[in-house]
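Below, each value reflects all heavy atoms present in this structure, side chains not excepted, and no hydrogens, waters or symmetry copies. Bear in mind the structure is a predicted one, so any value in this text is a computation, not a measurement. Counting begins at 1 with the first residue of the sequence.
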Amino acid sequence: SEQLAHGAAFVGRHLELHELLHSCLTNQITCVYGAKGYGKSALILEAAAYLRQRGAFPHGIFCCSLEGLRRTDRVRARLGATLHFPARSNDELSTHLAQYNCCLLILDRCEAAINASRPQFVFFLHSLLSAGVRLLLCSNSSSLLAADDFAAAHDADDDARMTTPVSIYSITLAPMSERDAALLLIELTERELDAAELLDEAAERAAGSSAPADVLTALRRHELIARLGGVPTNIQWAACRLRDTTVGALLAELRSLKPSQQARLVKADSPAAPDLAPLSSSLASPRQTGGSRRRLPPEGRASEGSGLLA
């Protein structure tokens, strides 16, 4: 059974989610890049849940965290342990995986392997692709993998089973839009935010000013959203603080901080990013490709209008 850690509410990033889903279904490798706190793990978890619900990968969707692993032999050992496969060599692992080629492998937190041993890591990925599986890589590294990397790996593989170039697609996450950031803050805040509370000081001083008609309109143009920078980790931190304080008080606190001080405060008060490593996993038998062997926890909630869960 496959099990992925359940993330928090999923709001926004609808274009990126559509892009990710399409790439996972059409490309051999999909790479998701973005700075820490930008919501890479939440996006991947939402995509995995969507694909699992629709049976896109009959042999399952499996995650393996490669955090801190710099050497390819340790990467192979971690993946083998995750899948309960012997993995003394790339060939041994890929031979076993070839029996389960209708699966998606999610390799989370790949930055150490990419930065420390890029050619060896690419060659390892190439051996996995030769088994016919699809790969979804997640990294905060700015060093992007490209098709040329895999062309070199193919030339170096004397027993290459792939005759066509590797199809690879990359998605780089930017900060959330003001609207999505405001929606996420509303979703995560445990109390109701009032539009009057969000009326900024400049508007309040203006003659005849009044509170906006709805909270979303007020919040998306509020200084608080600008100071959170569209970073999901910052927004989650702010939502926690708003349980016990007002928007005005929180904004006053942020105004007194330099960006570096704010970043340290958010990091100190925020929980670790959700770990996508499976609690336990084993691949379904090739003869049993029904949905009963694939198990994920309840999905993160998509905001209304996403059109994905209709």
For [Y], is there any backbone N or O sitting under 3.5 Å from a side-chain donor or acceptor partner on [X]?
X	Y	answer
Gln236	Pro232	no
Asn234	Leu228	yes
Asp180	Met176	no
Glu19	Ser170	no
Ser94	Asp91	yes
Gln28	Ser167	yes
Asn27	Ile29	no
Arg76	Ala87	yes
Arg134	Cys103	no

Below 4.5 Å, heavy atoms only, C-beta onward: do [X] and [Y] meet side chain to side chain?
X	Y	value
Leu265	Glu253	yes
Asn90	Leu128	no
Leu145	Leu125	yes
Thr189	Arg243	no
Leu105	Leu136	no
Phe123	Asp149	no
Leu79	Leu107	yes
Leu21	Tyr50	yes

Is there a salt bridge (charged side-chain N to carboxylate O under 4.0 Å, His left out) between Arg78 and Glu67? Walk through the geometry before answering.
CA-CA 10 Å; Arg78 174 73 61 81; Glu67 185 174 15; over 6 Å; no
Counting heavy atoms not belonging to Arg74, are there more than 12 under 6.0 Å from its CZ?
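No, the 6.0 Å shell around CZ holds no more than 12 heavy atoms from other groups.
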The salt bridge (charged side-chain N to carboxylate O under 4.0 Å, His left out) partners of Arg70 (sequence neighbours excluded) come to none
With Arg13 as reference, evaluate Leu184, Leu173, Leu20 under the side-chain contact (heavy atoms from CB on, under 4.5 Å) test and give the passing residue.
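Only one option passes, and that is Leu173.
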Between Glu16 and Lys40, is there a salt bridge with N-O shorter than 4.0 Å?
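Between Glu16 and Lys40 there is no salt bridge, as every charged N stays at least 4.0 Å from the carboxylate O atoms.
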Nearest 0.5 Å, please: how far is CZ in Arg221 from CG in Leu216?
10.5 Å
Under the criterion ring-ring contact (aromatic ring centres under 6.0 Å, His included), I'd like the reasoning laid out for His126 against Phe150: C-alpha separation, chi angles, the key distance, then a yes or no.
CA-CA 7 Å; His126 186 272; Phe150 291 90; 7.0 Å; no
